[in-house]
Engineer: 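One structure, as structure tokens, below. Some questions next.
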Amino acid sequence: MSRYDLVVLGDCSPDVLVLGDDVDPAFGQQEKLVDGISLVIGGSAAITAVAAARLGLRVALAAAVGADPAGEFMRDQLAAEGVDVSFMAVREDAPTGMTVALSRGGDRAILTALGAVASLTAADIPGKLLASAGHVHASSWFLLRDCLGPGLGALFSAARSAGVMTSLDTNWDPSGRWASPDLSAAIAQAGLLLPNEAEAIRLAGADDLDAAVSALVAAGPRVVVKLGERGALCGDGSVRRRVSLTPVTPADATGAGDCFNAGLIAGLLDGMDLPRAAALGCAAGALSTRAPGGTAAAPDRPAAIRLASTASITPAP
């Protein structure tokens, strides 16, 4: 039996979450009132880890933070959620990364200072940790392009050789470059690739979603594309399936895709086929939008299963 159901690799940084109908800053030293500002768990990898723990998985997170109050906040919050933080690196020479998320309902703008996030390397991740997992998931490849990026393909390969499932959610590329030999190596060794629609098109260099899924599947992994309130599109070889749920009115969409990842992985670990696992992912992601922040409304397993049971799964052209 694996020591961990899931090991997550990637970013860990607090989110300063700014909520309101009008959160656009007004320069010229103008002050604007908003509905709320809060400090919450942030970083795609950290949010996925917490969401998976809420779903009942045994989870460890490998990430890098600074030796500062922000890093202590993240480690304390994650440990309180049941995430094993003993494999997190604490850097004396770099501050903890931090994000300001300006959120208005289903949309948001994100400002990030990477700090220690961009110092995590393959050398920080013991081989025994990967081998002790049922599934290894990596988040935010583009934020770790120059540190973890060069070694991630080899880490995935080693995990798969030990019989461990692997998955990758690259998230958005702030540099706009997208293509990279290191990324191609990681995608080739990822059993599952989990982009949203815009990311899928850019990762594939395609003109539309159908062409993007075909190109990404041809690169090696199964692909599940997150479509927001429209559900998800599963590409498994030549087979395409659409998964849809009744939309949930969002309070804040921060972290919904990361919670989707956790639900999908939980379903796969339970032996579900890819569309049913994606339905559990859709449910976890949708329910997470009911409250501000990436983890405040992340659901437990019974709630996610109830909503997932209403999913519609249909062939996609």
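Only this structure's heavy atoms are used, side chains among them; waters, hydrogens and symmetry mates stay out.
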Engineer: Kindly determine whether Phe142 and Ser175 satisfy side chain to side chain contact (heavy atoms under 4.5 Å, CB included), including the steps that lead there.
Structural biologist: CA-CA 8 Å; Phe142 290 110; Ser175 74; 5.7 Å; no
Engineer: Are any non-hydrogen side-chain atoms of Leu78 and Val50 less than 4.5 angstrom apart?
Structural biologist: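 Yes - at least one pair of side-chain heavy atoms lies under 4.5 Å apart.
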Engineer: Side-chain contact test, heavy atoms from C-beta onward, threshold under 4.5 Å: evaluate it for Arg75 versus Val90 and give yes or no.
Structural biologist: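 Yes, at least one pair of side-chain atoms sits under 4.5 Å.
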Engineer: Are Ser103 and Leu17 close enough that some pair of their side-chain heavy atoms sits under 4.5 Å apart?
Structural biologist: yes
Engineer: Using a 4.5 Å cut-off on heavy atoms from C-beta on, say whether the side chain of Leu102 contacts that of Asp24.
Structural biologist: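 No, side chains not in contact.
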Engineer: Measuring only between side-chain heavy atoms, which start at C-beta, is His135 closer than 4.5 Å to Asp5?
Structural biologist: no
Engineer: Mark yes when over 12 heavy atoms from residues, nucleotides or ligands other than Lys32 sit less than 6.0 Å from its NZ; otherwise mark no.
Structural biologist: yes
Engineer: Does Met74 reach the side chain of Ile41, with side-chain heavy atoms less than 4.5 Å apart?
Structural biologist: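 Yes, side chains in contact.
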Engineer: Give a yes or no on whether Leu183 and Val217 share a hydrophobic cluster (residues Ile, Leu, Val, Met, Phe, Trp, Tyr; joining criterion: side-chain heavy atoms under 4.5 Å apart).
Structural biologist: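 Same cluster.
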Engineer: Under a 4.5 Å side-chain heavy-atom rule over Ile, Leu, Val, Met, Phe, Trp and Tyr, are Leu6 and Leu274 clustered together?
Structural biologist: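 Same cluster: Leu6 reaches Leu274 through Ile, Leu, Val, Met, Phe, Trp or Tyr contacts under 4.5 Å.
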Engineer: Go through Ser139 and Ser44 one step at a time and tell me if the side-chain hydrogen bond (donor to acceptor under 3.5 Å, both in side chains) criterion holds.
Structural biologist: CA-CA 6 Å; Ser139 292; Ser44 290; 5.4 Å; no
Engineer: So, do Arg54 and Cys259 sit near enough that their side-chain heavy atoms are less than 4.5 Å apart?
Structural biologist: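 The answer is no, as the side chains (C-beta and beyond) never meet within the 4.5 Å cut-off.
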Engineer: Examine Val136 and Leu148 and state if one hydrophobic cluster contains both, with Ile, Leu, Val, Met, Phe, Trp and Tyr joined whenever side-chain heavy atoms are less than 4.5 Å apart.
Structural biologist: yes
Engineer: Around atom CZ of Arg276, are there more than 12 heavy atoms of other residues, nucleotides or ligands at under 6.0 Å?
Structural biologist: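 Atom CZ in Arg276 is not crowded, with 12 or fewer foreign heavy atoms closer than 6.0 Å.
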Engineer: Hey, what do you get for CZ (Phe87) to OG (Ser132), rounding to the nearest 0.5 Å?
Structural biologist: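 The CZ atom of Phe87 sits 6.0 Å away from the OG atom of Ser132.
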Engineer: Compare all side-chain heavy atoms of Asp169 with those of His137 and state whether any distance is below 4.5 angstrom.
Structural biologist: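 They are in contact (side-chain heavy atoms under 4.5 Å apart), so the answer is yes.
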Engineer: Side chains of Asp252 and Thr254: is there a donor and an acceptor less than 3.5 Å apart?
Structural biologist: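 Yes, because at least one side-chain N or O of Asp252 sits under 3.5 Å from a partner of the opposite role on Thr254.
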Engineer: Run the side-chain hydrogen bond (donor to acceptor under 3.5 Å, both in side chains) check on Arg145 and Thr170 step by step: do they pass?
Structural biologist: CA-CA 10 Å; Arg145 175 198 296 267; Thr170 65; over 6 Å; no
Engineer: With a 6.0 Å cut-off on ring centres, are Trp172 and Trp141 close enough?
Structural biologist: no
Engineer: Tell me, yes or no, whether the heavy-atom count around Glu197 atom CD, taken from other residues, nucleotides or ligands under 6.0 Å, exceeds 12.
Structural biologist: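 Buried by this count: over 12 neighbours within 6.0 Å.
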Engineer: What about Val117 and Ile125, same hydrophobic cluster or not, with Ile/Leu/Val/Met/Phe/Trp/Tyr joined at side-chain heavy-atom distances under 4.5 Å?
Structural biologist: yes
Engineer: Check the pair Leu227 / Arg242 against side chain to side chain contact (heavy atoms under 4.5 Å, CB included), numbers first and verdict last.
Structural biologist: CA-CA 10 Å; Leu227 303 175; Arg242 277 293 297 270; 3.7 Å; yes
Engineer: Are there over 12 heavy-atom neighbours, none belonging to Asp21, within less than 6.0 Å of that residue's CG?
Structural biologist: no
